[in-house]
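Here the structure comes first, spelled out in structure tokens, and everything after it is commentary.
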Amino acid sequence: MSETAKPRAATLAHLRSGDLAKGDPIPLPLTMASIFHSPGDATGFDQYGRFSNPTWHAVEHALGHLEDAQCVAFPSGMAAISATFFALVKSGDRILLPSDGYHTTRALAERFLKPLGIAYDVRPTSSMLDGGFAGYRLVFVETPSNPRLDICDIAAVAKTAHEQGALLIVDNTTMTPFGQRPLDLGADIVVSADTKAINGHSDVLFGHVASRDPDIIAKVRDWRETAGGIPGPFEAWLVHRGLETLEVRYDRMCSSAETIARRLKGHRAVSGLRFPGLESDPSHNLARAQMERFGFLISFELASEEKAEDFINNCALIESATSFGGVHTSAERRSKRGDAVPPGFVRLAVGCEPVEELWQAIEASLDGLAAERLGAL
Ligand SMILES: Cc1ncc(COP(=O)(O)O)c(C=O)c1O
């Protein structure tokens, strides 16, 4: 973690302290209200639940504290991503997306932006800079990309995008503000599926948009208020609670992932392992330069679809689930979600279990496959 992230992590749990009156609860109260007492002049206070809510203010304040930016909360990661597109692009614009990032972002462009006259192109994350960005209004990157974990140089993409008149959006879902700081590297906007590590308990969907440009924030906020895709106060409250332990959880998850990736690399059942923290990974040098941590996602291949299913389903400490970033380790065979990966490709999301116990469970499941394979020879 960088030196600037540590004070932010330390003060996160005390953000409310300055505003407390005697007898106020120390933890954040949940405000469930669609209407607020609104006599007289209608400015400067909460009035209607689609415009604002005290529990949103608290979670946006906490997220903003971590991002060092203004934040707008949304009911899911896709709602946050959609808001940036619908608030910032218009008919005739062209945008650039990763060909290997989260597939729903491309589906959004294909099914909802294209019919409105907004064109899009795709490019692999690892060669995002090739060809430059002339003619694009927005460049959207996801680094590391989900699920193959390729990386692009955020500072270089931001510089070229700005020189050529484009804005840069970074989907920072896999990293959180403790793992990577795209706004510090020159990005205009961060979007995040807080459904994942930020909430961290797999019980809520949520998202946010962060930016240091007040004009961008005003447009995104206006989109939320007008289109009405607002987060529920209870979801905001849960995410606020999750945020209070993010630094501890994320630290454990990333440290465990480093240990487990090294051991997986040496296992005979595993091939094609990707983890940006390994010196042998093609992205490692760039990862060292721009990431504060290497994340908690690891991807690798097992010999077949069946082997991958067996590995996941027979491991006592892995939940078979889509999504990632929860306290429990989970894994998914990504070809079943339509990603362009081999049938035995596994995305492993390391959770908060003690690392030696977790490794023993993973190794036991892999050894079962290897033993089966030896038996078949
Ligand atoms: C990188 C990335 N961005 C965005 C999303 C969308 O988040 P949500 O499911 O909260 O809409 C996901 C979901 O898996 C994701 O992995």
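Along the sequence shown, residues carry numbers from 1. Remember, it's 1-based here, ligands and their atoms both numbered in the order they're listed.
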| query | Which heavy atom of the protein is the closest neighbour of atom 11 (O) of ligand 1, given with residue, atom name and distance? | reply | M78 N, 2.8 Å

| query | Would V270 and I298 show up in the same hydrophobic cluster when neighbours are defined by side-chain heavy atoms closer than 4.5 Å? | reply | yes

| Identity and distance of the protein heavy atom lying nearest atom 16 (O) of ligand 1 | N146 ND2, 2.9 Å

| task | Could you check atom 2 (C) of ligand 1 against the protein and tell me its nearest heavy-atom contact, residue, atom and distance included? | result | D171 OD2, 3.5 Å

| message | Give me the residue, atom name and distance of the protein heavy atom closest to atom 13 (C) of ligand 1. | response | K196 NZ, 3.0 Å

| message | Show the atoms of ligand 1 that are less than 4.0 angstrom away from any heavy atom in F324. | response | 16 (O)

| task | Give the residue and atom name of whichever protein heavy atom lies nearest to atom 9 (O) of ligand 1, and the separation in Å to one decimal. | result | L205 CD2, 3.9 Å

| Between E142 and ligand 1, is there a nitrogen or oxygen pair with a distance under 3.5 Å? | no

| Taking atom types as modelled, is there a side-chain donor on T174 or N146 under 3.5 Å from an acceptor on the other? | no

| note | So the atoms of ligand 1 within less than 4.0 Å of a heavy atom of A193 turn out to be 4 (C), 5 (C), 6 (C), 7 (O), 10 (O)

| salt bridge (charged side-chain N to carboxylate O under 4.0 Å, His left out) between E292 and R181: does it pass, once the steps are laid out? | CA-CA 8 Å; E292 314 254 320; R181 306 192 58 76; 5.4 Å; no

| Quick one: NE2 on H284 to CZ on F275, what's the gap to the nearest 0.5 Å? | 10.0 Å

| task | Check whether the side chains of T55 and N53 place a donor and an acceptor atom closer than 3.5 Å, and report yes or no. | result | yes

| query | Looking only at protein heavy atoms, which one is nearest to atom 15 (C) of ligand 1, and how far off is it? | reply | Y102 CG, 3.6 Å

| task | Give a yes or no on whether the backbone of R148 and the side-chain of R334 come within a donor-acceptor separation of less than 3.5 Å. | result | no

| task | Consider ligand 1: state whether an atom of it lies below 4.0 angstrom from any non-hydrogen atom of T174. | result | no

| said: Below 3.5 Å, N or O to N or O, backbone or side chain included: is there any such pair between G77 and ligand 1? | reply: yes

| task | Show which residues join V141 in its hydrophobic cluster (side-chain heavy-atom contacts under 4.5 Å, direct or indirect), or state none. | result | L96, M128, L129, F133, Y136, V139, I154, V157, L168, V170, L185

| remark: When every non-hydrogen atom of V190 is compared with those of E67, the smallest separation belongs to CG1-OE2, 3.6 Å

| query | For ligand 1, is there an N or O atom under 3.5 Å from any N or O atom of I81? | reply | no

| query | For atom 10 (O) of ligand 1, which protein heavy atom lies nearest, and how many Å away is it? | reply | T195 OG1, 2.5 Å

| message | Does the plane of the ring in W237 sit parallel, tilted or perpendicular to the ring in F234? Use 30° and 60° as the thresholds. | response | parallel

